Amino acid sequence: VGVGKTAQAILLLCHLYEHGELDDGGLVIVPKTAIGNWIGEFKKFAPDLPVQSWETSPEFCSCDENGAADAQILLTTYPVLLNARRDNIT
């Protein structure tokens, strides 16, 4: 606890983004109880990195007609991802 794993992961994504190695985007899947913390940490450590949070049903995710998020990083939870798979949304 408190060893900076979240910040390290965010900084790695920033590094990849800045060096053009994140062209296809990134998916970060976190426990439901941690998504608020991750959103806050992205704002704190990577305010310029385009991040989209997908916390509920896909209708509330800012996605295009192909299901792609507007942002470079899509942040979601295990339950949302499992529901999307069950509903054949992925």
Side-chain angles (χ1 to χ4, degrees):
V1 179
V3 294
K5 297 180 298 288
T6 302
Q8 289 175 0
I10 291 171
L11 293 174
L12 172 63
L13 291 169
C14 286
H15 173 80
L16 294 173
Y17 178 71
E18 289 172 359
H19 288 88
E21 299 176 31
L22 202 58
D23 294 337
D24 293 330
L27 175 64
V28 178
I29 306 167
V30 301
K32 188 176 181 179
T33 57
I35 195 161
N37 180 59
W38 274 82
I39 292 168
E41 296 294 290
F42 268 109
K43 288 179 182 177
K44 180 178 178 181
F45 292 109
D48 297 330
L49 185 63
V51 176
Q52 174 68 45
S53 172
W54 180 22
E55 298 177 63
T56 56
S57 65
E59 299 85 48
F60 298 103
C61 178
S62 179
C63 300
D64 66 17
E65 65 276 357
N66 297 317
D70 293 337
Q72 198 65 30
I73 303 293
L74 182 60
L75 178 65
T76 192
T77 65
Y78 300 112
V80 170
L81 195 62
L82 291 173
N83 287 337
R85 183 172 180 223
R86 183 198 69 221
D87 296 339
N88 221 6
I89 294 172
T90 58

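These figures come from a predicted structure and were not determined experimentally. Atom set for the values below is all heavy atoms of this structure, side chains included, hydrogens, waters and symmetry mates excluded. If you read the sequence from its start, that first residue is 1, and numbering goes on from there.
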Less than 3.5 Å apart, which donor and acceptor atoms pair up between the side chains of residues 24-50 and the rest of the protein, not counting sequence neighbours?
none

In residues 73-82, what donor-acceptor pairs under 3.5 Å come from side-chain atoms, sequence neighbours left out?
unit_1: T76; atom_1: OG1; unit_2: W54; atom_2: O; d: 2.7
unit_1: T77; atom_1: OG1; unit_2: V80; atom_2: N; d: 3.4

Counting only pairs under 3.5 Å, give me each side-chain donor-acceptor contact of residues 12-19, with atom names and distances, residues two or more places apart or in other chains.
unit_1: H15; atom_1: ND1; unit_2: H19; atom_2: ND1; d: 3.4
unit_1: H19; atom_1: ND1; unit_2: H15; atom_2: O; d: 2.9

